[in-house]
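Working notes, structure below.
Every value quoted in this text rests on a predicted model; they were computed, and no experiment measured them.
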Amino acid sequence: MKTNLTHWSKEELKVYILLLCAKADSIETNEEINLIKSKIDVDTFDRLYKEFCCDDEDNCLNKIQAAIAKHEYSNRELENIRKEIHEVFLSDENFNMKERNLDRLLDSMLY
């Protein structure tokens, strides 16, 4: 499948990553979605969520990897992204195997 090129800001990329984290266990809880919504304006969230819903997991990962390569991140920015990823994973008080696997994959992509 061909990946559409995206030109996300760092904040948009972070939200897209967090959406993938929310769906890692195949269940997007209200807690997870509300946490993500609190990090960006409503219009941007809606646009990213609509795009996210049209992508399968492989396409999501390809888009994320391509977007990460376009941005230069400081160690502090990477630490903040990792912290927010864990906030989403733990917002439903369940950190299952699928989420742990995605966590490791994202860790390797970010660093």
Side-chain angles (χ1 to χ4, degrees):
M1 176 178 284
K2 184 178 178 182
T3 302
N4 295 330
L5 293 177
T6 56
H7 301 285
W8 294 321
S9 69
K10 286 182 177 182
E11 283 300 305
E12 291 169 331
L13 172 58
K14 179 181 71 177
V15 167
Y16 193 86
I17 290 170
L18 296 178
L19 286 169
L20 181 62
C21 293
K23 188 140 185 178
D25 60 358
S26 303
I27 302 168
E28 297 171 26
T29 66
N30 287 335
E31 292 86 2
E32 291 167 330
I33 295 301
N34 289 336
L35 177 63
I36 297 167
K37 281 182 176 180
S38 73
K39 299 186 180 295
I40 202 159
D41 66 89
V42 174
D43 292 336
T44 304
F45 175 85
D46 289 343
R47 179 176 47 81
L48 290 170
Y49 190 75
K50 182 178 178 183
E51 180 177 353
F52 175 78
C53 288
C54 294
D55 294 336
D56 62 25
E57 185 175 345
D58 287 337
N59 201 19
C60 288
L61 292 170
N62 289 334
K63 284 181 172 184
I64 290 168
Q65 190 166 20
I68 287 171
K70 291 180 182 180
H71 294 291
E72 290 186 25
Y73 286 95
S74 69
N75 285 336
R76 181 175 294 273
E77 287 174 313
L78 293 173
E79 289 171 11
N80 287 336
I81 291 172
R82 297 295 299 142
K83 180 182 171 201
E84 292 185 56
I85 286 171
H86 284 186
E87 286 177 12
V88 170
F89 283 145
L90 298 175
S91 66
D92 63 358
E93 299 178 7
N94 185 17
F95 189 48
N96 66 37
M97 182 64 74
K98 289 180 182 179
E99 291 171 328
R100 285 191 293 270
N101 289 338
L102 179 59
D103 186 48
R104 283 191 293 272
L105 181 60
L106 289 172
D107 194 47
S108 68
M109 290 171 77
L110 288 168
Y111 291 101

Does [X] share a hydrophobic cluster with [Y], counting links as ILVMFWY side-chain heavy atoms below 4.5 Å and allowing steps through other members?
X	Y	result
L18	L78	yes
L35	I27	no
Y73	Y111	yes
L90	I17	yes

Heavy atoms of D56 and N59 approach each other most closely as OD1-N, 2.7 Å

Contact summary for L19 and I33, nearest pair of heavy atoms: CD2-CD1, 4.1 Å

Sole residue of E77, H71, E72 in side-chain hydrogen bond (donor to acceptor under 3.5 Å, both in side chains) with K10: E77

Can you confirm whether more than 12 heavy atoms, excluding those of [X], are under 6.0 Å from its [atom1] atom?
X	atom1	answer
N75	CG	no
K23	NZ	no
R104	CZ	yes

Please report the interatomic distance [atom1]([X]) to [atom2]([Y]), rounded to the nearest 0.5 Å.
X	Y	atom1	atom2	result
T29	N94	OG1	CG	10.0 Å
N34	K39	CG	NZ	12.0 Å
I68	L13	CD1	CG	5.5 Å

Please step through salt bridge (charged side-chain N to carboxylate O under 4.0 Å, His left out) for the pair E57 and K98, ending with a clear verdict. CA-CA 12 Å; E57 185 175 345; K98 289 180 182 179; over 6 Å; no

Taking the side chain as every heavy atom from C-beta outward, state whether [X] and [Y] have any atom pair closer than 4.5 Å.
X	Y	result
E12	E51	no
D103	H86	yes
N101	L105	no
L102	L61	yes
E99	V88	no
E31	E93	no
V15	T44	no
L106	R82	yes

Would you please name every residue forming a salt bridge (charged side-chain N to carboxylate O under 4.0 Å, His left out) with D46, sequence neighbours left out?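 Partners of D46 by the salt bridge (charged side-chain N to carboxylate O under 4.0 Å, His left out) criterion come out as none, since no residue qualifies.
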
ring-ring contact (aromatic ring centres under 6.0 Å, His included) with Y16: which residues, sequence neighbours excluded?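 Only W8, F52 meet the ring-ring contact (aromatic ring centres under 6.0 Å, His included) criterion with Y16.
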
Run the salt-bridge test on E11 and K14 with the 4.0 Å N-O cut-off and return the result as yes or no. yes

